[in-house]
Amino acid sequence: MNLPVKFGRYGLLALLASVMVLGAAIACGEEEPTATPVPPTATPVPPTATPEPEAAMEEPEEAMEEKMDDEAMMMEEAQGIVFDPGDVSREETLTLFHGGSEGRFIDHELWNPYAIGANHQQGPNLIFEPLAFFSAFADEEIMWLAESYSYNDDFTELTINCREGITWSDGEDFDCEDVVYTLNTLKELKEQVRWGTDVDAAMDNAELVDKYTAKVNLLRPDPRFFFLLTYKFDIGVYIVPQHHYHGRDWTEFGDYDREKGWPLSTGPWQVTTSTEQKIFDRRDSWWGEGVADLGDYGRLPRVKRIIYIPGVPQEQRAQALINDQVDGAAMTTPSLIAETLDQNEDLVTHSGRGEPYGYVDWWPVSIAFNTSGKFGPYDNPDVRWAISFYLDRAELRELAYDGAAAFNPLTMPQYPPLQPYFDIATEVMEEIGRSTLDYDPERGDELMEGAGFTKVDGMWQDEGGNTVNCEIVGFNPWVDLGPAVAQQLVNHGIQADYGQPTDASSRMAEGNFECLMFGHGGSVRDPYFTMKLYQSSSVNIPGGHQVNFYHWENDEWDELTDEVAKTSPDDTATMHELWREAAKIWLTELPDVPILEFYHRIIMSEKRWTNWPQGDTSVGAIDVTGYVNEAWWHLTWSMVIHQLEPAN
């Protein structure tokens, strides 16, 4: 049965056909979703639970009651309130290119963000609201499902006060039972799911004080544990409904059934999805409407429908933007962005209509190595420093980004709260007489010769005649930068090439690479989370962030990272002292070679929607200011949705 979606399946195909030749990428024979809409009054779907079985007399009463509770939980599946949005006009719809593979979605029924293969970037970030948000650009924390939190004096206990008056979309209360259940289950599952290892390493247990109060008992002083739970960029713990997830296998449960109203959410969105589009329809009410401490975010979104359609190459994205067929698309090439903006005056970026056509992401790009010695000589810091000296970063930013990119001497973004730590790193580089920004091929040659290599026919070789190979495993964001980096290394005697193999993600996770071009999901407020990226105790987990992909190990670094973990970010004197020691180690060893800041270059249309995040030069640099970043794949995307205004 056709869904009541005006954009619709055939509208989607018409849009895509107007900007590209799809061929067989989208099959016209695809089945449409078969969910039957309910009347506009949105009544609960009748439950289908089987009556609870009677307890066997021979079993202990307490054990039998627990068994009955578990069985009832599985049989009485949560029935969400299915909402019929009726007709939604194009002017009330936000249409974006996002995700997909070869013109279709393959994860369209995967909404549990903890399931193997799931990714919050593909839609769950709108469904699972956080305890709090943090905007690195505004340097602002916004409490959300949690009303407040506090630590004891030594940061070994965290008290979370949950907000009252919030319900899941099946009518069940959201409360601190959901928080306690989520945290304790993460500790139990450990490396099986995202954030399990992080929670297990820091938390002893979570306990319920009362319905709206939870106490988290920590294994060590941890003044950043609530910050781990808070949504920012791609970091934050998803709180799930206990009554819906209890008794299920988190690694396998997909959590999608349109007729049952799954996934359940505390937010205002209901999901309808197919291989061709992901649709989020806004309900008519939301708990945060008029809640004072949410500030400007305390209102029902003006957008009534969000549609994600599978991505296409950026040239076709540009044409769709020019023709007002979509409201936003991520781009990579500044020259193409400039041409696109010139052809439609309604289009803007985070930096307006000028360079750098976007904002500094939290993900500065580098060349990383498997420093274990398994592949090539990259366990030698002199070789790693030689690679750094061989990179002409000024040329790289011209070749790859038409000059619209900033240099970065470290692997954390140059956001305002982090600037004092960059100042310290600059002082350390002056002390050691090396800078990660220097292009100095002669010094690189000296280091290679000192490491026992000889140039033969322009290429470095070891005593056995083996060349120094650097096969750079990369990903789509560096389609312009990667080849230029490889060529510079070849020019200086490193046998390098750049590729984006289909198994790049698994090779990165397994450490099966010589060289890797990747970003850094680390710090945005103080250096701790970037330091953690290089800690030997960090392990890879499914969908892992905060992971040591580099296999670099340094006992002193590990100890300093643990000490920083126990130190409050507000104790700046101690933090600066610890960071200075850490920076000396990192900049001497250089396990990872910084290249440039990484930018999100997103074009947004103001034809239908305004109040997109944009930089404000009155308070700072245009590429690191604004109320938040606008990436719809990041965990803070809801903040943007709550701020958008209709253009008319």
Indicate whether the side chain of [X] and that of [Y] have a donor and an acceptor atom separated by less than 3.5 Å.
X      : Y      : result
Tyr401 : Asp480 : no
Gln121 : His634 : no
Tyr297 : Ser638 : no
Asn611 : Glu645 : no
Asp361 : Asn629 : no
Gln488 : Glu395 : yes

Residue pair Glu140, Ser135: steps toward the side chain to side chain donor-acceptor pair (under 3.5 Å) verdict:
CA-CA 5 Å; Glu140 178 185 21; Ser135 168; 5.6 Å; no
Partner of His350 under ring-ring contact (aromatic ring centres under 6.0 Å, His included), chosen from Tyr599, Trp612, Phe137:
Phe137
Taking atom [atom1] of [X] and atom [atom2] of [Y], what is their separation to the nearest 0.5 Å?
X      : Y      : atom1 : atom2 : answer
Phe280 : Gln270 : CZ    : CD    : 11.5 Å
Trp269 : Asp281 : CH2   : CG    : 8.0 Å
Gln277 : Thr95  : CD    : OG1   : 9.0 Å
Ile641 : Trp609 : CD1   : CH2   : 8.5 Å
Asn491 : Gln487 : CG    : CD    : 4.5 Å
Asp296 : Arg299 : CG    : CZ    : 7.0 Å

Donor-acceptor contact present, side-chain [X] to main-chain [Y], <3.5 Å:
X      : Y      : answer
Trp111 : His108 : yes
Thr436 : Pro409 : yes
Asn408 : Leu410 : yes
Arg353 : Leu341 : yes
Glu92  : Ser89  : yes
Ser169 : Ser265 : yes
Thr625 : Gly615 : no
His520 : Trp363 : no
Glu289 : Leu300 : yes
Gln614 : Tyr627 : no

Quick one: does [X]'s side chain get under 4.5 Å of [Y]'s, heavy atoms only?
X      : Y      : result
Tyr308 : Trp632 : yes
Pro334 : Glu355 : no
His98  : Pro310 : no
Glu91  : Pro646 : no
Val360 : Tyr415 : yes
Thr340 : Ile322 : yes
Ile235 : Phe529 : no
Phe227 : Arg525 : yes

Answer yes or no: are there more than 12 heavy-atom neighbours, outside Asp423 itself, under 6.0 Å from its atom CG?
yes
Check this for me: Glu345, atom CD, are more than 12 non-hydrogen atoms of other residues, nucleotides or ligands nearer than 6.0 Å?
no
Identify, with sequence neighbours excluded, every residue that meets side chain to side chain donor-acceptor pair (under 3.5 Å) alongside [X].
X      : result
Tyr238 : His120, Arg194
Ser351 : Thr349
Asp392 : none

Go through it in stages, so that I can follow the logic: the residues are Lys304 and Asp87, the test is salt bridge (charged side-chain N to carboxylate O under 4.0 Å, His left out), and I'd like the CA-CA distance, side-chain angles, deciding distance and then a yes or no.
CA-CA 10 Å; Lys304 289 189 176 181; Asp87 290 335; over 6 Å; no
Is a salt bridge present between [X] and [Y], judged by a nitrogen-to-oxygen distance below 4.0 Å?
X      : Y      : result
Lys532 : Asp198 : yes
Asp438 : Arg393 : no
Arg608 : Asp327 : yes

Please name the pair of heavy atoms, one in [X] and one in [Y], separated by the smallest distance, quoted to 0.1 Å.
X      : Y      : answer
Ala631 : His600 : CB-ND1, 3.9 Å
Met412 : Ser523 : SD-CB, 4.2 Å
Val473 : Ala504 : CG1-CB, 3.7 Å
Phe134 : Thr230 : N-CG2, 3.6 Å
Tyr498 : Pro483 : CD2-CD, 3.7 Å

Working note: Phe475 + Phe518, criterion ring-ring contact (aromatic ring centres under 6.0 Å, His included); need CA distance, chi angles, decisive distance, verdict.
CA-CA 8 Å; Phe475 296 84; Phe518 201 61; 5.5 Å; yes
Can you sort out the partners of Gln314 under side-chain contact (heavy atoms from CB on, under 4.5 Å), two or more places apart, ordered by chain and number?
Arg317, Met331, Thr332, Thr333, Leu336
With Ser506, which residues qualify under side-chain contact (heavy atoms from CB on, under 4.5 Å), at least two apart?
Asp503, Glu510
Any residue meeting ring pair (Phe, Tyr, Trp, His ring centres under 6.0 Å) with Trp286, in chain and number order, not counting sequence neighbours
Trp144, His642
Can Lys232 be said to sit on top of Trp362's aromatic six-ring, NZ or CZ under 6.0 Å from centre and within 45° of the ring axis?
no
Identified side chain to side chain contact (heavy atoms under 4.5 Å, CB included) counterpart of Val485 within the set Ile387, Val365, Leu396, Val593
Leu396
Gln414 vs Glu597, side chain to side chain donor-acceptor pair (under 3.5 Å): CA-CA, chis, key distance, verdict:
CA-CA 8 Å; Gln414 296 176 92; Glu597 292 281 24; 2.9 Å; yes
Run Asp107 and Asn119 through side chain to side chain donor-acceptor pair (under 3.5 Å) and show every step you take.
CA-CA 9 Å; Asp107 60 353; Asn119 190 335; over 6 Å; no
